[in-house]
Each structure stands twice: as structure tokens, then as C-alpha cells.
Q: 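The following block contains the structure, expressed as C-alpha cells.
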Amino acid sequence: MDVEITANDGYALAARLFPAERPIGAVLVVGAMGVSQRFYEPLAERLAERGFTTMTFDFRGIGASRRGSLADLDADIVRDWAERDTAAALDALAERAGGLPITWLGHSLGGQIVPFVPNRAIADKIVTVATGSGYWRENAAPTRRKVWLFWFGAVPLATPLFGYFPGRKLGMVGDLPRGVIEQWRRWCLDRDYAVGAEPRASTLFADVKTPITSLSFTDDEMMSEKNVASIHGFYTSAPKDMRRFEPHDLGVKRVGHFGFFRREMAPLWDDHLVDELARAS
């Protein structure tokens, strides 16, 4: 079911609601950098079948929330994607959850921006998937070997030229608003990622007290074990359950940074996600 959400500055966001027939909980899927909500549809459908009313949404400038030229869009990660867009999506889900427990399911960036969302306490539990700090010198080896070209070549050259980052043309990440890519670059070049680059970030991370379960994978081509440990280490007040998996232990050949959300991973959702959500309900 298509839903339109209005952020507090009036920007209309595209979202989809997957209602459960007999709901026992609700889930907000907060996506990775540049990834459309369509990517998470198979998982959202499965969660709804298992009793969790689920909502996906696109940040402004991404997927169905992209309108007009990105060069004309003034948007960044903290002020817009977190404080406005994700906050609006969380409120919208809460209105439809009927008081049932809500789980924040964050993929990569979706697990990094929790502290910047003012109404984050609406979520009763946080599950992060393939979420790490993004600090470039600690990226997993496949990304670390080439990420310097991204941050010191493609981004600073292409962004001023186009007025946004033309990732689709370059085969890198995807198209991103100028404010988003520039802020993300500052984060990724800082050893402490957002905590080092953003005022108040250390305090905001420490203020999160919601229980967090982290799911990460040894074959993640982007996030290393150091990246994962680093970002979750900033959540100093939240109870944390860190789970790191070898693909062969899960009965699959590969998971990587994106694989957990692909339809063929449905058995893993039941074993490692649905049970976790049920415990929060």
C-alpha cells in the first residue's frame, strides 16, 4: 500500500505500508545510502506475513521521493534525512501501529543515523544490519583498496560539476544530493566518523538507551569488523547484542553488504530476524 508522508518542512516522502493481518508488532525499515525502498520490499512482505506491520520509505532525493533535479535539492543527512524524513516515517508508523512494539530496522546508514532522529525513543528496539562507521581507512579490504579514488577523486570533482553526485553515471553508490555526499565525505574521512565530524554527536549517541541487536557478516565488502565495532561503541548507554556471522555458518555462500535483504535469504530472516522481533513484541 503506497503512503505519502509529509516531513515537518512540508516535503512529501514516498512510503509503503505492508499491513499484517493479525499484527503482533511493527517495523520501520530505514535504508542504506542511496538505496531505494523497493530493495527492501521482499523482506517487508515477509515480515508482514509473520505478523509485523512494516513500513519502508525513501529519503528525499532517493527513489520515489526524488522530484526534479537533485542539483536543486538542498538536503543533508542529519537535518533532512534524519531529523525530518526518518522522524516523519517513525511518527507515521506509530500512528498505524496501534500501540504495538516498534522495531527500527536499519541497514548500513539506517543504523548510523538513529541518534540524530529526535523521536527515536518511539522505537522499542533497534536492529542494525551491516552497519559500521564508514571510516575509510578501516573499511573492509575490497572497498579500502579503491575508496580513496571515490573520496579524493570522483566526489570532489564530479559533485561541483553536476551540482549533485552523479553516482548512477559513475557506477558508484547512486545519485545523491550535494549536501548528503559532502556531509558523508566528512564523516568517512574522520576516524570517529559522525561522532568526530558533527557537533553534539557524541552526546546524542550516548543518549540512546534503546536495546540494539547488531547483525554483521564476515564477507561484507564494505564494513569491516573494526567499522562495526566502532559505530556501536559510540552507543555507550544502550544494551547491545553483537552478532557476527560467517556465511557458511548460515548455510549460504555469500551475504556481503546487501545480500541479507535479497529474497533468497528468506530462511535467514525467519531464523535471525523474525525471532528477534518476536522477542521484542
Side-chain angles (χ1 to χ4, degrees), residues 25 27-33 35 39-40 43 47 52 54 77 82 86 90 101-117 120-135 138-140 143 187-188 191-196 201-202 204-252 254-262 265 267-281:
V27 177
L28 179 68
V29 180
V30 187
M33 179 67 73
V35 178
F39 179 68
Y40 304 101
L43 174 61
L47 292 178
F52 300 95
T54 302
I77 301 171
T86 307
L90 196 53
I102 294 175
T103 297
W104 175 310
L105 177 59
H107 177 208
S108 195
L109 180 77
Q112 299 169 359
I113 63 172
V114 176
F116 301 110
V117 177
R120 60 183 179 270
I122 289 175
D124 300 278
K125 185 175 184 62
I126 298 164
V127 177
T128 66
V129 181
T131 293
S133 75
Y135 173 50
E138 292 180 350
N139 284 151
T143 294
W187 291 10
C188 288
R191 180 176 296 276
D192 290 327
Y193 197 54
V195 169
S202 179
L204 292 174
F205 271 84
D207 283 346
V208 176
K209 297 178 175 62
T210 307
I212 299 172
T213 297
S214 164
L215 308 181
S216 66
F217 311 97
T218 59
D219 68 334
D220 189 328
E221 69 278 10
M222 296 184 182
M223 298 297 178
S224 69
E225 188 170 8
K226 283 185 177 180
N227 286 148
V228 174
S230 176
I231 196 74
H232 290 88
F234 296 130
Y235 290 106
T236 55
S237 302
K240 294 184 288 290
D241 182 2
M242 307 293 292
R243 305 178 189 178
R244 190 162 177 82
F245 300 98
E246 294 271 359
H248 70 266
D249 290 337
L250 298 173
V252 297
R254 174 163 176 73
V255 181
H257 193 65
F258 296 97
F260 183 80
F261 296 93
R262 302 191 187 282
M265 295 294 182
L268 300 187
W269 302 340
D270 290 342
D271 292 343
H272 299 283
L273 184 56
V274 172
D275 286 350
E276 184 66 28
L277 299 179
R279 282 193 289 272
S281 301

Q: Working to the nearest 0.5 Å, report the span between CD1 of Ile231 and CG of Leu109.
A: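 Rounded to the nearest 0.5 Å, the CD1-CG separation comes out at 9.5 Å.
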Q: With sequence neighbours excluded, what pairs up with Asp271 under the side chain to side chain contact (heavy atoms under 4.5 Å, CB included) test?
A: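 For Asp271 there are no side chain to side chain contact (heavy atoms under 4.5 Å, CB included) partners, ignoring immediate neighbours.
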Q: Does a side-chain heavy-atom distance below 4.5 Å link Thr236 with Phe205?
A: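 Heavy-atom side-chain distance check fails, nothing below 4.5 Å.
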Q: Roughly how far apart are Arg262 CZ and Leu268 CG, rounded to 0.5 Å?
A: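 Arg262 CZ to Leu268 CG: 13.5 Å, rounded to 0.5 Å.
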Q: Can you name the nearest heavy-atom pair linking Asn139 to Ser224, along with the distance?
A: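 That would be C-CB, 4.0 Å.
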Q: In chain order, what residues pass the side chain to side chain contact (heavy atoms under 4.5 Å, CB included) check against Thr128, with sequence neighbours excluded?
A: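 Per chain and number, Thr128 pairs via side chain to side chain contact (heavy atoms under 4.5 Å, CB included) with Ile126, Thr131, Ile212, Ser214, His232.
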Q: Count the heavy atoms of every other residue, nucleotide or ligand shown that sit under 6.0 Å from CD of Glu225, and state whether that count exceeds 12.
A: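 Open.
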Q: Considering residues at least two apart in sequence or located in another chain, which fulfil the ring pair (Phe, Tyr, Trp, His ring centres under 6.0 Å) criterion with Phe39?
A: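 If we apply the ring pair (Phe, Tyr, Trp, His ring centres under 6.0 Å) test to Phe39, skipping adjacent residues, there are no hits.
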Q: Going through the distances and angles, do Val228 and Met242 end up as a side chain to side chain contact (heavy atoms under 4.5 Å, CB included)?
A: CA-CA 9 Å; Val228 174; Met242 307 293 292; 3.8 Å; yes
Q: Apply side chain to side chain contact (heavy atoms under 4.5 Å, CB included) to Ala32 and list each qualifying residue two or more places apart in sequence or on a separate chain.
A: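 For Ala32 the side chain to side chain contact (heavy atoms under 4.5 Å, CB included) partners, ignoring immediate neighbours, are Val35, Tyr40, His107, Ser108.
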Q: Counting only N and O atoms by type, is there a donor-acceptor contact under 3.5 Å from the side chain of Thr103 to the main-chain atoms of Leu105?
A: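 Not a single qualifying donor-acceptor pair exists.
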Q: At what distance, to the nearest 0.5 angstrom, does CD1 of Ile77 lie from CD1 of Ile113?
A: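 The CD1 atom of Ile113 is 8.5 Å from CD1 of Ile77, to the nearest 0.5 Å.
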Q: Step by step, would you call Phe258 with Met222 a side chain to side chain contact (heavy atoms under 4.5 Å, CB included)?
A: CA-CA 10 Å; Phe258 296 97; Met222 296 184 182; 3.7 Å; yes
Q: Give a yes or no on whether Arg244 atom CZ has more than 12 heavy-atom contacts from other residues, nucleotides or ligands under 6.0 Å away.
A: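 It does: Arg244 CZ has more than 12 such atoms within range.
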Q: How long is the span from the CZ atom in Phe260 to the CH2 atom in Trp269, to the nearest 0.5 Å?
A: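 With rounding to 0.5 Å, CZ (Phe260) is 8.0 Å from CH2 (Trp269).
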Q: Under 4.5 Å between any side-chain heavy atoms of Val274 and Phe52, yes or no?
A: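 When only atoms from C-beta onward are counted, Phe52 and Val274 do touch, with a gap below 4.5 Å.
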Q: Is there a side-chain contact between Thr210 and Tyr235 (heavy atoms, below 4.5 Å)?
A: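 No, side chains not in contact.
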Q: Taking Gln112 for the side chain and Gly132 for the main chain, is one N or O donor matched with an acceptor at less than 3.5 Å?
A: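 Checked: pair present.
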Q: On a heavy-atom basis, which atom in Ala140 and which in Asp220 lie closest, and how many Å separate them?
A: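 In terms of heavy atoms, the two residues are closest at CB-O, 3.3 Å.
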Q: Checking Tyr193 now: which residues fulfil ring pair (Phe, Tyr, Trp, His ring centres under 6.0 Å) with it, not counting sequence neighbours?
A: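 In terms of ring pair (Phe, Tyr, Trp, His ring centres under 6.0 Å), with neighbours along the sequence ignored, Tyr193 is linked to Trp187.
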Q: Restricting to salt bridge (charged side-chain N to carboxylate O under 4.0 Å, His left out), what partner residues turn up for Asp192, sequence neighbours left out?
A: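 Here no residue qualifies.
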Q: For the side chain of Thr143 and the backbone of Glu221, is there at least one donor-acceptor N/O pair under 3.5 Å apart?
A: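 Pair found, side chain donor or acceptor close to backbone of Glu221.
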Q: Is the shortest heavy-atom distance from the side chain of Trp104 to the side chain of Leu90 under 4.5 Å?
A: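 Yes, side chains in contact.
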Q: Does Asp207 reach the side chain of Arg120, with side-chain heavy atoms less than 4.5 Å apart?
A: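 In short, these two side chains touch, coming nearer than 4.5 Å.
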Q: Quick check: do Phe217 and Val129 have side-chain heavy atoms less than 4.5 Å from each other?
A: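 Yes, side chains in contact.
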Q: Just jot down the side chain to side chain donor-acceptor pair (under 3.5 Å) partners of Glu138, sequence neighbours excluded, or say none.
A: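 Counting only residues at least two positions away or on another chain, Glu138 forms no side chain to side chain donor-acceptor pair (under 3.5 Å).
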Q: Could I get the full list of ring pair (Phe, Tyr, Trp, His ring centres under 6.0 Å) partners for His272, not counting sequence neighbours?
A: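 Expected list: Phe245.
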Q: Once side chain to side chain contact (heavy atoms under 4.5 Å, CB included) is applied, do any residues pair with Pro247, and if so which ones, sequence neighbours excluded?
A: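 Listed in chain order: Thr218, Asp219, Val252, Val255.
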Q: Restricting to side chain to side chain donor-acceptor pair (under 3.5 Å), what partner residues turn up for Thr213, sequence neighbours left out?
A: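 Side chain to side chain donor-acceptor pair (under 3.5 Å) list for Thr213, sorted by chain: Lys125, Glu276.
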Q: Considering only heavy atoms from C-beta outward, does the side chain of Leu273 approach that of Leu43 to under 4.5 Å?
A: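 In contact.
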Q: What's the spacing between Asp270 CG and Leu47 CG if we round to 0.5 Å?
A: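 The CG atom of Leu47 is 9.0 Å from CG of Asp270, to the nearest 0.5 Å.
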Q: I need the full list of salt bridge (Lys or Arg N to Asp or Glu O under 4.0 Å) pairs touching residues 229-241, with sequence neighbours left out, sorted by first then second residue.
A: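 Listed by first then second residue: Asp241-Arg243.
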Q: Okay, side chain of Ser237, backbone of Ala206: is any donor-acceptor separation there less than 3.5 Å?
A: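 Checked: pair present.
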